[in-house]
Participant: 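Just dropping this structure here.
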Amino acid sequence: MDVVKREKLYAPIIVLVLIILCATAAPLWGWSQQESARKAHLRGGVELAIPRTLGVSGDTLQCFSGSQGALLNPGCFTTADPSQPGDCTSRSSHFLVQYLFPDLFEMRRLRGFAFLSNDADTVFPSAGALLIPIENGSVRFPTAAELANLQVNNVASPGDTSQVFVDLFAEEILVGPESRVALVLVLQFPDGGQLTAATQGPAIAADSEAPNADCDFFTIDGGASGTWFAPAYDPGDPNSLPLDWGFVALFGPLTVAVEETTWTHVKRLYQVP
């Protein structure tokens with residue numbers, strides 16, 4: 001099982017904006033040995049021009065804790081081995097992942113996860129969630145096969161700077177007390193889209209306020225090389241910012257109430273005369 005060690009990533013100053021989160025974070029617990037990744041330098045950032053409310057309901061869990069953020073595209077990072085130029089152009093081989101550690105009092109079912117999308121024209125090719133066991137205090141990264149077989153395809157953005165919800169209720173992803181798993185939220189970016197401004201180009205909202213929660217990673221080659229990158233925060237570097245993806249997981253009960261129906265419909269189902 002491959003585990004990589006965290007190195008600090010350095011980012012130039014990007015414009016901060018207010019993100020109002022109407023949700024309460026559930027408790028988190030993490031690994032004793034932190035996962036990490038190779039350094040990648042953020043070469044650009046775009047202001048989220050209009051503060052937006054991320055409206056979620058029910059039991060929620062998120063990694064980020066701040067109220068400020070920026071628009072982020074994984075193509076904005078420069079990386080090496082494998083390399084990309086940091087021109088803010090996304091590729092279908094770009095995946096953002098976020099590790100969450102549910103510590104729930106009872107067994108719950110993942111309803112899905114929400115995030116803010118920048119551009120109404122963006123369709124994310126795939127998204128999903130993985131349960132990865134915590135073993136010896138560490139958690140592995142997703143495999144290329146797991147990334148290639150996410151549960152939801154063609155996740156459309158309903159508008160500019162809009163909330164997107166990835167519905168995963170039908171997948172029956174269950175977590176509960178002493179589950180000893182990481183819940184890994186995954187989002188694939190579209191090919192060839194360039195982030196140039198607010199509402200222009202594929203991007204999601206990311207928290208850029210300290211402290212950095214150290215649960216965010218990305219791959220630029222679909223996980224094929226096994227090399228992952230991550231943002232990190234050096235408080236001694238004035239050009240460095242903490243970054244946490246703005247994903248919010250929503251949980252619900254194990255089952256849903258039976259949908260009410262009319263007696264006429266019931267008779268049709270059973271061919272009652």
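Values below: every heavy atom of this structure, side chains too, minus hydrogens, waters and symmetry copies.
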Participant: Main chain of G159, side chain of S162: is a donor-acceptor contact present, judged purely on distance under 3.5 Å?
Facilitator: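 A pair under 3.5 Å: yes.
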Participant: Is there a donor-acceptor pair closer than 3.5 Å between any side-chain N or O of Q84 and the backbone N or O of P74?
Facilitator: yes
Participant: Is there side-chain contact between L104 and V175, with at least one heavy-atom pair below 4.5 Å?
Facilitator: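 They are in contact (side-chain heavy atoms under 4.5 Å apart), so the answer is yes.
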Participant: Once salt bridge (Lys or Arg N to Asp or Glu O under 4.0 Å) is applied, do any residues pair with R111, and if so which ones, sequence neighbours excluded?
Facilitator: none
Participant: Quick one: CG on D207 to CG on L243, what's the gap to the nearest 0.5 Å?
Facilitator: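 With rounding to 0.5 Å, CG (D207) is 8.0 Å from CG (L243).
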Participant: What disulfide bond (SG atoms under 2.5 Å apart) pairs are there with at least one residue in residues 95-168, not counting sequence neighbours?
Facilitator: none
Participant: Is the ring pair F141/F217 parallel, tilted or perpendicular, if the boundaries are 30 and 60 degrees?
Facilitator: perpendicular
Participant: Can you tell me how far apart CZ (R43) and SG (C76) are? Round to the nearest 0.5 Å.
Facilitator: 10.5 Å
Participant: Any sub-3.5 Å donor-acceptor pair from D216's side-chain atoms to Q98's backbone N or O?
Facilitator: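 Side chain of D216 to backbone of Q98: no pair is present.
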Participant: Is there a side-chain contact between F251 and P102, using heavy atoms and a 4.5 Å cut-off?
Facilitator: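 When only atoms from C-beta onward are counted, P102 and F251 do touch, with a gap below 4.5 Å.
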Participant: Give the table of side-chain donor-acceptor pairs shorter than 3.5 Å for residues 189-202, with sequence neighbours excluded, one pair per line with atom names and distance.
Facilitator:
unit_1	atom_1	unit_2	atom_2	d
Q194	NE2	D87	O	2.8
Q194	NE2	T89	OG1	3.3

Participant: F169 ring centre to R109 NZ or CZ under 6.0 Å, with the angle to the axis within 45°?
Facilitator: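 The answer is yes, since R109 meets both limits relative to F169.
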Participant: Under the side-chain contact (heavy atoms from CB on, under 4.5 Å) test, which residues partner V152, sequence neighbours left out?
Facilitator: V155, V166, L168
Participant: Between atom OG of S179 and atom CG of L174, what is the distance when rounded to the nearest 0.5 Å?
Facilitator: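 Answer for the OG-CG pair, S179 versus L174, is 8.5 Å.
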Participant: With sequence neighbours left out, write down each residue that passes side-chain hydrogen bond (donor to acceptor under 3.5 Å, both in side chains) with Q151, or none if nothing qualifies.
Facilitator: none
Participant: Looking at residues at least two apart in the chain, or sitting in another chain, which of them share a side-chain hydrogen bond (donor to acceptor under 3.5 Å, both in side chains) with S126?
Facilitator: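 Result, side-chain hydrogen bond (donor to acceptor under 3.5 Å, both in side chains) vs S126: Q188.
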Participant: Which residue pairs pass the salt bridge (Lys or Arg N to Asp or Glu O under 4.0 Å) test with at least one member in residues 243-254, sequence neighbours excluded?
Facilitator: none
Participant: Should D221 and T219 be marked as a side-chain hydrogen bond (donor to acceptor under 3.5 Å, both in side chains) after you check the CA-CA gap, both sets of side-chain angles, and the distance that decides it?
Facilitator: CA-CA 6 Å; D221 61 7; T219 178; 3.0 Å; yes
Participant: What's the separation between atom CG in L100 and atom SG in C63, rounded to the nearest 0.5 Å?
Facilitator: 6.5 Å
Participant: Could you give all pairs that pass the disulfide bond (SG atoms under 2.5 Å apart) test and reach residues 90-160, with sequence neighbours left out?
Facilitator: none
Participant: Under the side-chain hydrogen bond (donor to acceptor under 3.5 Å, both in side chains) rule, collect the residues that match up with E172, sequence neighbours excluded.
Facilitator: none
Participant: In Å, rounded to the nearest 0.5 Å, how long is the span from OG1 of T79 to CZ of F218?
Facilitator: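 The distance works out to 6.5 Å.
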Participant: Measuring centre to centre across the rings, with the benzene-like ring taken for any Trp, is F124 within less than 6.0 Å of F115?
Facilitator: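 Ring centres of F115 and F124 closer than 6.0 Å.
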Participant: Residues in side-chain hydrogen bond (donor to acceptor under 3.5 Å, both in side chains) with D81, at least two apart?
Facilitator: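 side-chain hydrogen bond (donor to acceptor under 3.5 Å, both in side chains) list for D81, sorted by chain: R38.
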Participant: Can you pull out every side chain to side chain donor-acceptor pair (under 3.5 Å) where at least one residue sits in residues 114-125? Sequence neighbours excluded, please.
Facilitator: S117-S157
Participant: Among residues at least two apart in sequence or on other chains, which ones pass salt bridge (Lys or Arg N to Asp or Glu O under 4.0 Å) with E146?
Facilitator: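 Here the qualifying residues are R140.
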Participant: Report the distance from atom SG of C88 to atom CG of N73, rounding to the nearest 0.5 Å.
Facilitator: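 Reported value, rounded in 0.5 Å steps: 6.0 Å.
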